[in-house]
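Below: the structure, in structure tokens.
Given the structure is predicted, the values throughout are model-derived calculations rather than measurements.
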Amino acid sequence: MYVQDFMPTTVTTVTPDTLVRTAYQVMRDTQIRHLPVVTNEGTLVGIITDRDIRRAAASDVPHLAEHELLSLLAQLRVQDIMTPEVVTVGGTTPLREAGQMLLQKKFGCLPVVHANHTLAGIITVTDLLRASIDQYEAGGLMRVISMMHTQVITVTPEMSLAEVQRLMRDNHIRHIPVVSGPGYQRLVGMITDRDIREAAPSPATTLTRGEIAYQMATTSVKTCMTQEVVCIGPEAEMVQAARLLVQRRIGCLPVVDHATLVGVVTEIDCLRAFLQTASDA
């Protein structure tokens, strides 16, 4: 199987001159985290992610006055913060090779280019999972308990969004289970970086940095967390986890045993399980 057989060819893109706040709004409207940057001729020249935008919006330039900093952020263009050296694949790249690249580089997607470096499509971890699920419908894939992360960072409903942001940034994660009860082991919700983005003011806001910081420090997790959480048991097969992630369009599943949180499993874990099984076959 090849990348061209599963890649979406209709790709949302921006140009280098696009305003950063416009790119941010495009991501919010389309619920995507990566935007290829192309010229008017369709040549790929970079990629911008929601993390790039958050990093730019949170940057601190001590010698600038607050109003000057806000003005600077409002004028930033995609070319100022994009990654220009983009790892790409071709349409005839085998899916397994693309999957190994995503695991090794810890990327969420790979732009697909023609020989002249014009954009042909994009392949994501979700696309690879979707392509792999049917191969293992009959079983034989390892179980969740063998791939899940048992050292799980959690938060409580009363914690502030500012605290959660720091945890996500410091630990390079995008999903955190919300727990309560004795020993803080009962799963009561899930909060993601997208939840926080939607609760936070837009980069185009007229609020001062102090007002934004106050709002994030005084808004609790329980006001924006997902309460109806999709979860899975430790004895389920990884193919079941992958199917849930793809169908529900989520990146992480809490693993629950007798109402107690025992771990989490992610899209990347599922991809690793598929590739490992394919290598062992």
Item checked: Sole residue of Leu245, Val246, Leu103, Ile268 in side chain to side chain contact (heavy atoms under 4.5 Å, CB included) with Val125 -> Ile268
Note to self: Are Val26 and Val11 connected into the same hydrophobic cluster when the rule is that any two of I, L, V, M, F, W, Y join if their side-chain heavy atoms are below 4.5 Å apart?
What the structure shows: no
Next item on the list: Step by step, work out the side-chain hydrogen bond (donor to acceptor under 3.5 Å, both in side chains) result for Thr260 and Asp257.
Entry: CA-CA 5 Å; Thr260 297; Asp257 188 17; over 6 Å; no
Next item on the list: Would you sort out whether Asn116 and Thr118 count as a side-chain hydrogen bond (donor to acceptor under 3.5 Å, both in side chains), showing the intermediate values?
Entry: CA-CA 6 Å; Asn116 62 358; Thr118 55; 2.7 Å; yes
Check: Taking atom types as modelled and ignoring hydrogens, do the side chains of Gln4 and Thr92 form a donor-acceptor contact shorter than 3.5 angstrom?
Finding: no
Next item on the list: Hey, could you give me the CG/CG distance between Leu76 and Asp80, rounded to the nearest 0.5 Å?
Entry: 5.0 Å
Notebook entry, point to check: Short question: side chain of Ser146, backbone of Arg143 - any donor-acceptor pair under 3.5 Å?
Noted result: yes
Margin query: Please find the pair of heavy atoms, one from Pro177 and one from Val264, that lie closest to each other, and give the distance.
Written below: CG-CG1, 3.8 Å
Margin query: Going by the rule side-chain hydrogen bond (donor to acceptor under 3.5 Å, both in side chains), which residues pair with Asp170 if we only count those two or more places apart in sequence or in a different chain?
Written below: none
Notebook entry, point to check: Just how far is it from atom OG1 of Thr226 to atom CE of Met190, taken to the nearest 0.5 Å?
Noted result: 9.0 Å
Note to self: Quick one, Val262 with Val256, criterion side chain to side chain contact (heavy atoms under 4.5 Å, CB included). Give me CA distance, side-chain angles, the key distance, then yes/no.
What the structure shows: CA-CA 6 Å; Val262 295; Val256 176; over 6 Å; no
Note to self: Arg51 vs Arg169, test: side chain to side chain contact (heavy atoms under 4.5 Å, CB included). Steps then yes/no.
What the structure shows: CA-CA 10 Å; Arg51 182 170 294 173; Arg169 182 184 64 241; over 6 Å; no
Checklist line | Thr93 side chain to Val89 backbone, donor-acceptor under 3.5 Å | finding: no
Next item on the list: For the pair Thr43 (side chain) and Thr39 (backbone), establish whether a donor and an acceptor sit closer than 3.5 Å, ignoring hydrogens and angles.
Entry: no
Next item on the list: Taking Gln240 for its side chain and Glu237 for its backbone only, find out whether a donor-acceptor pair lies under 3.5 Å.
Entry: yes
Notebook entry, point to check: Is there a donor-acceptor pair closer than 3.5 Å between any side-chain N or O of Asp195 and the backbone N or O of Thr192?
Noted result: yes
Next item on the list: Please round to the nearest 0.5 Å and tell me the distance separating atom CG of Leu244 and atom SG of Cys231.
Entry: 9.0 Å
Next item on the list: Can you spot which of Thr266, Ile232, Leu253, Val255 makes a side chain to side chain contact (heavy atoms under 4.5 Å, CB included) with Met148?
Entry: Val255
Checklist line | Partners passing salt bridge (charged side-chain N to carboxylate O under 4.0 Å, His left out) against Asp193 (at least two apart in sequence or in another chain) | finding: Arg54, Arg197
Note to self: Checking the side chain of Thr18 only, and the main-chain atoms of Val14 only, is there a donor and an acceptor separated by less than 3.5 Å?
What the structure shows: no
Check: To the nearest 0.5 Å, how far apart are CG in Leu128 and CG in Leu95?
Finding: 5.5 Å
Note to self: If you apply the rule side-chain hydrogen bond (donor to acceptor under 3.5 Å, both in side chains), what do you find for Glu163 with Ser160, and how did you get there?
What the structure shows: CA-CA 5 Å; Glu163 292 176 282; Ser160 72; 3.2 Å; yes
Next item on the list: Heavy atoms only: give me the nearest Thr124-Cys109 pair and the separation to one decimal.
Entry: CG2-CB, 3.9 Å
Next item on the list: Write down the atom of Leu110, the atom of Ala98, and the distance for their closest heavy-atom approach.
Entry: CD1-O, 3.7 Å
Check: Counting only N and O atoms by type, is there a donor-acceptor contact under 3.5 Å from the side chain of Asn171 to the main-chain atoms of Met168?
Finding: no
Checklist line | Residue pair Val78 / Ala23: nearest heavy atoms and the distance that separates them | finding: CG2-CB, 4.0 Å
Next item on the list: Can you establish whether the number of heavy atoms outside Tyr2 located under 6.0 Å from its atom OH is more than 12?
Entry: no
